[in-house]
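Taking it in order: structure first as structure tokens, then the write-up.
Chain naming here is simple, since letters A, B, ... match the order of the sequence lines and numbering starts at 1 in each.
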Amino acid sequence: MRAVITVIGKDTVGIMAKVSGVCADSHANVIEVTQSVLQDMFAMIMLIDIDKLNCEFSALSDKLDSLGNSLGLSIHTMHEDIFNSMHRI
Amino acid sequence: MLNARDILETITMIQDENLDIRTITMGISLLDCIDSDIDIACQKVYDKITHCAKDLVKVGEDIEKEYGVPIINKRISVTPIAIISAASKGDPVKFALTLEKAAIACGVNFIGGYSALVQKGFSAGDKELILSIPEALAVTDHVCSSVNIGSTKTGINLDACKLMGEIVKQTSERTADRDCIGSAKLVVFCNAPEDNPFMAGAFHGVGEPDCIINVGVSGPGVVRAALAKAPDADITEIADIIKKIAFKITRMGQLVGVEASRRLGVPFGIVDLSLAPTPAVGDSVAYILEEIGLEKCGAHGTTATLALLNDAVKKGGVMASSKVGGLSGAFIPVTEDAGMIDAARCGSLSLDKLEAMTAVCSVGLDMVVVPGDITPETIAAIIADEAAIGMVNFKTTAVRLIPAIGKNIGDELEFGGLLGNGPVMKINYHSPAKFINRGGQIPAPLQSLKN
């Protein structure tokens with residue numbers, strides 16, 4: 001199973017490191033990353049594998065939420081099924 | 001493969017355009033709780049509800065977190081209580097208090113099913129239950145009540161219309177100190193669906209399985225935002241845009257419904273293909289009609305645009321879900337929709353126009369605040385008019401009027417939360433009393449020679 005993390009906000013040093021750090025702590029494997037910086041706005045979409053998580057998925061989502069709050073970024077962690085069902089027949 | 005545009009579109013819908021799952025409603029049959037002793041019956045009802053729905057709220061919250069989709073309400077609907085209370089005799093309000101206790105124990109927002117089905121006449125228990133509605137809704141906060149007084153197959157029970165006119169008024173009077181909130185929890189139906197997940201009209205029909213999960217989706221804000229991106233599209237394209245968005249919204253409902261049913265070990269019932277507004281700015285069905293090209297909701301053209309919207313929502317949604325049911329369509333509850341409230345305040349939206357709108361959309365005269373000096377006969381006649389539209393057009397119609405006791409045109413009621421607020425609307429004061437007092441049954445309409 002996979003999940004999608006999206007990070008949007010003002011660019012600062014180490015956003016990617018911090019987000020992937022939280023993933024690594026929870027044993028979530030990062031599969032794919034697309035990232036762009038437009039002027040000073042940072043936007044990243046990260047696809048992670050959540051089969052081997054060492055915690056509940058909701059706990060990972062909470063951790064990323066609080067990371068987002070502390071960095072002033074908007075971070076969403078969502079199961080990939082929501083995108084597949086909305087955009088694929 | 002996922003692409004970035006799809007991902008961002010979904011997130012924008014949820015973050016900026018108020019896309020949400022309006023409700024996961026668990027339908028629970030209480031037929032096996034019938035007992036000749038009312039206290040034993042109440043205990044059985046409490047035990048069954050709290051057993052079936054013990055994980056409902058938690059599962060809802062887990063899904064919300066995992067998929068990142070807000071699930072606003074977790075609710076329960078039960079077998080119409082008149083059927084259960086008929087065997088027990090005694091005061092039906094005991095069942096209302098039991099439902100209230102069970103709702104609080106399960107942590108749900110509302111519990112529906114303090115209901116009676118009297119489209120062809122009253123059976124044992126029906127009248128007692130209906131007469132107890134004002135008391136039941138005054139002493140509880142979570143219980144919702146509905147009464148079905150007509151159907152296409154049976155016609156309209158005018159005696160029941162008359163009775164409901166009095167009951168609606170009394171319910172308001174009993175809760176006059178709380179902005180008449182009682183009547184906001186009471187719906188009078190024609191052709192009531194048995195699998196409706198939306199309150200206040202939800203009940204669990206007798207043809208339904210023992211326990212089931214129904215889902216209602218929402219998303220007027222998403223439809224409006226999509227239309228705003230096509231300012232010069234012709235009306236055919238508008239219908240297509242709405243269909244595509246309705247498809248996406250409904251897919252989300254289907255996913256959540258299937259997932260909730262799997263986790264709870266309860267069969268998946270239906271997705272209600274709905275556009276349910278909230279008082280939040282941007283989450284309004286009226287604004288969609290205005291986006292299509294009306295200066296204000298209620299203007300001439302409102303019925304046509306609403307018909308298009310309602311039809312396109314169903315066409316888009318029906319392919320997205322394996323099982324569709326409930327009320328399915330665009331809702332127009334006045335006090336729950338920022339655009340409708342505006343339109344009613346400025347005088348653009350009248351009760352008569354609302355009535356015309358109900359002929360082409362889901363439900364009916366919903367959350368309409370009327371002057372406190374309205375007579376029970378006038379309420380009954382409004383119910384009869386609305387039921388006639390449903391009966392003849394083979395569709396569900398409903399009336400949820402709130403007589404604002406002690407208030408008049410220019411005043412407003414404030415319910416708070418999803419129920420919103422709204423101005424008192426003008427009514428016609430010419431008396432329909434003679435018609436209503438005739439009583440009897442309006443015969444079922446002919447199904448051929450349609451003109």
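Heavy atoms from other residues, nucleotides or ligands lying under 6.0 Å from CD of A:Glu56 number 12 at most. More than 12 heavy atoms of other residues, nucleotides or ligands lie within 6.0 Å of NZ in B:Lys54, so this atom counts as buried by the packing criterion.
When heavy atoms are compared at a cutoff of 4.5 Å, A:Thr77 approaches chain B solely by way of its backbone atoms N, CA, C and O. There is no contact between A:Leu60 and chain B, counting heavy-atom distances below 4.5 Å. If you measure heavy-atom distances from A:Asp65 to chain B, you find no contacts under 4.5 Å at all. Using a 4.5 Å cut-off between heavy atoms, A:Ile45 touches chain B through its side chain atoms alone. The contact between A:Ser61 and chain B is made entirely by side chain atoms (from C-beta outward), counting heavy-atom distances below 4.5 Å.
The shortest distance between side-chain heavy atoms of A:Met78 and B:Ile11 falls below 4.5 Å. Between A:Met86 and B:Glu9, the closest side-chain pair of non-hydrogen atoms is not below 4.5 Å. Between B:Lys65 and A:Asp62, the closest side-chain pair of non-hydrogen atoms falls below 4.5 Å. With a 4.5 Å cut-off on side-chain heavy atoms, B:Asp6 and A:Arg88 count as touching.
For the atom pair B:Glu66 CD and A:Ile50 CD1, the distance stands at 7.0 Å (nearest 0.5 Å). Distance CG/B:Leu8 to NE2/A:His76: 10.0 Å, rounded to 0.5 Å. In this structure, CD1 in B:Ile7 is found 12.5 Å from CE in A:Met46, a value given to the nearest 0.5 Å.
Contacts with chain A (heavy atom to heavy atom, under 4.5 Å) involve these residues of residues 249-279 of chain B, listed by number: B:Arg251, B:Met252, B:Leu255. Within residues 318-326 of chain B, the residues approaching chain A closer than 4.5 Å by heavy atoms are, in numerical order, B:Met319.
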